[in-house]
Amino acid sequence: MLYLLYIFTFLFGFVLMEFVAWGAHKYLMHGSFWFLHKDHHDESHKHIQKNDSFALVFAIPSWLCIMLGVIYGSTISILFGSGIATFGFFYFMVHDIFIHQRIRYFRNSDNWYLRALRKAHKIHHKKITKEEGECFGMLLVPLKYFKEELKKN
Ligand SMILES: [Zn+2]
Ligand SMILES: [Zn+2]
């Protein structure tokens with residue numbers, strides 16, 4: 001039973017972050033923190049973006065959970081923090097490498113799930129302004145994109 005709780009805690013940290021990231025993207029990054037997110041939407045495609053600072057912000061809760069878990073001997077806290085960190089890793093792989101090709105890798109990945117994520121995020125990038133954006137999620141996007149890509153398989 002304890003192992004089930006451990007697995008659940010890890011997965012909970014991971015899945016929760018998709019929703020936290022969605023909310024932060026929609027309400028903070030496209031809100032009062034637009035000044036940091038703006039350069040991710042302009043066409044200059046700078047190598048280092050102000051937007052990258054969000055990765056550091058999201059690393060804080062993960063680092064705190066893991067560090068405090070180690071100090072106080074809480075496996076739950078370590079696993080929750082690891083779930084957050086693992087989400088950050090997948091977000092980076094999908095968003096920064098697969099979609100934006102900041103490192104040229106996974107260029108030819110051709111599976112319906114990844115194609116749907118890329119399409120939804122490209123729709124998000126069509127807007128270069130703060131307002132009226134869509135598709136703020138990363139690993140979970142509106143169902144219509146999954147359906148469209150599944151049909152092509
Ligand atoms: Zn955005
Ligand atoms: Zn992007």
Side-chain angles (χ1 to χ4, degrees), residues 7-69 76-152:
I7 292 167
F8 176 80
T9 305
F10 176 81
L11 291 177
F12 180 68
F14 185 93
V15 174
L16 183 70
M17 280 311 288
E18 171 65 23
F19 294 93
V20 171
W22 173 85
H25 189 187
K26 189 174 166 88
Y27 298 106
L28 299 175
M29 294 154 92
H30 282 255
S32 9
F33 290 90
W34 174 249
F35 70 100
L36 287 175
H37 188 53
K38 188 170 178 274
D39 68 350
H40 185 59
H41 277 270
D42 67 28
E43 300 290 307
S44 60
H45 297 116
K46 278 179 253 136
H47 214 65
I48 301 289
Q49 303 168 356
K50 283 183 194 156
N51 183 58
D52 297 331
S53 46
F54 287 107
L56 299 175
V57 173
F58 283 122
I60 294 171
S62 164
W63 161 68
L64 278 177
C65 287
I66 295 171
M67 184 187 69
L68 293 173
I76 292 288
S77 179
I78 294 171
L79 287 170
F80 183 71
S82 306
I84 298 176
T86 307
F87 178 83
F89 174 75
F90 275 87
Y91 194 103
F92 177 77
M93 298 296 271
V94 170
H95 178 256
D96 295 274
I97 299 183
F98 174 65
I99 297 176
H100 289 299
Q101 289 288 309
R102 295 177 80 178
I103 301 170
R104 287 179 185 275
Y105 210 64
F106 304 134
R107 298 190 80 173
N108 305 317
S109 299
D110 191 34
N111 92 27
W112 63 270
Y113 174 70
L114 288 173
R115 286 200 313 261
L117 299 189
R118 182 168 55 198
K119 186 154 187 206
H121 195 66
K122 294 285 178 190
I123 296 286
H124 177 72
H125 272 282
K126 273 198 165 167
K127 294 262 163 57
I128 52 168
T129 53
K130 176 180 169 184
E131 291 83 15
E132 293 167 42
E134 51 184 317
C135 299
F136 291 94
M138 182 47 57
L139 303 184
L140 266 182
V141 298
L143 272 183
K144 66 170 183 181
Y145 296 103
F146 291 133
K147 283 184 193 153
E148 275 172 25
E149 295 305 325
L150 260 172
K151 263 188 224 154
K152 291 182 196 163

Using the rule given for side chain to side chain contact (heavy atoms under 4.5 Å, CB included), can you reason through Ile128 versus Asp42, listing the C-alpha separation, both sets of side-chain angles and the distance that settles it, and then say yes or no? CA-CA 6 Å; Ile128 52 168; Asp42 67 28; 5.8 Å; no
Within a reach of under 6.0 Å around [atom1] of [X], are more than 12 heavy atoms found that belong to other residues, nucleotides or ligands?
{"X": "Lys127", "atom1": "NZ", "result": "yes"}
{"X": "Lys151", "atom1": "NZ", "result": "no"}
{"X": "Leu150", "atom1": "CG", "result": "yes"}
{"X": "Trp34", "atom1": "CH2", "result": "yes"}

When the aromatic ring centroids of Phe146 and Tyr113 are compared, is their separation below 6.0 Å? yes
Pairwise distance [atom1]([X]) to [atom2]([Y]) - rounded to 0.5 angstrom:
{"X": "Lys147", "Y": "Glu149", "atom1": "NZ", "atom2": "CD", "value": "13.5 Å"}
{"X": "Ser53", "Y": "Phe33", "atom1": "OG", "atom2": "CZ", "value": "9.5 Å"}
{"X": "Met93", "Y": "Leu139", "atom1": "CE", "atom2": "CG", "value": "12.0 Å"}
{"X": "Leu114", "Y": "Phe98", "atom1": "CG", "atom2": "CZ", "value": "4.5 Å"}
{"X": "Ser82", "Y": "Phe89", "atom1": "OG", "atom2": "CZ", "value": "14.0 Å"}
{"X": "Ile66", "Y": "Leu79", "atom1": "CD1", "atom2": "CG", "value": "9.0 Å"}

Quick test of your reading of the model: are Glu148 and Lys119 salt-bridged, counting only N-O distances below 4.0 Å? yes
Determine yes or no for a side-chain-to-main-chain donor-acceptor pair under 3.5 angstrom, with Lys50 supplying the side chain and His37 the backbone. no
In terms of the angle between their ring planes, are [X] and [Y] parallel, tilted or perpendicular, with boundaries placed at 30° and 60°?
{"X": "His124", "Y": "His30", "answer": "perpendicular"}
{"X": "Phe87", "Y": "Tyr91", "answer": "tilted"}
{"X": "His121", "Y": "His125", "answer": "perpendicular"}
{"X": "His40", "Y": "His95", "answer": "tilted"}
{"X": "Phe14", "Y": "Phe90", "answer": "perpendicular"}

Give the minimum heavy-atom separation between [X] and [Y], together with the two atoms involved.
{"X": "Leu36", "Y": "Asp39", "result": "O-OD1, 3.4 Å"}
{"X": "Met29", "Y": "Asn51", "result": "CE-OD1, 3.6 Å"}
{"X": "Gly81", "Y": "Ser62", "result": "O-OG, 3.1 Å"}
{"X": "Leu140", "Y": "Leu117", "result": "N-CD2, 4.5 Å"}
{"X": "Ser77", "Y": "Cys65", "result": "OG-O, 2.7 Å"}
{"X": "Phe106", "Y": "Ile97", "result": "CD1-CG2, 3.8 Å"}

Sole candidate of His25, Glu18, Met17 that passes side chain to side chain contact (heavy atoms under 4.5 Å, CB included) when paired with Met138: Glu18
Audit row: Ile123, Tyr145, side chain to side chain contact (heavy atoms under 4.5 Å, CB included) steps and yes/no: CA-CA 11 Å; Ile123 296 286; Tyr145 296 103; 3.6 Å; yes
Applying ring-ring contact (aromatic ring centres under 6.0 Å, His included), name anything that partners Phe92, two or more places apart in sequence or on another chain. none
Student check: side-chain heavy atoms of Phe80 and Phe10 closer than 4.5 Å: no
Any salt bridge (charged side-chain N to carboxylate O under 4.0 Å, His left out) pairs touching residues 84-97, not counting sequence neighbours? Asp96-Arg102
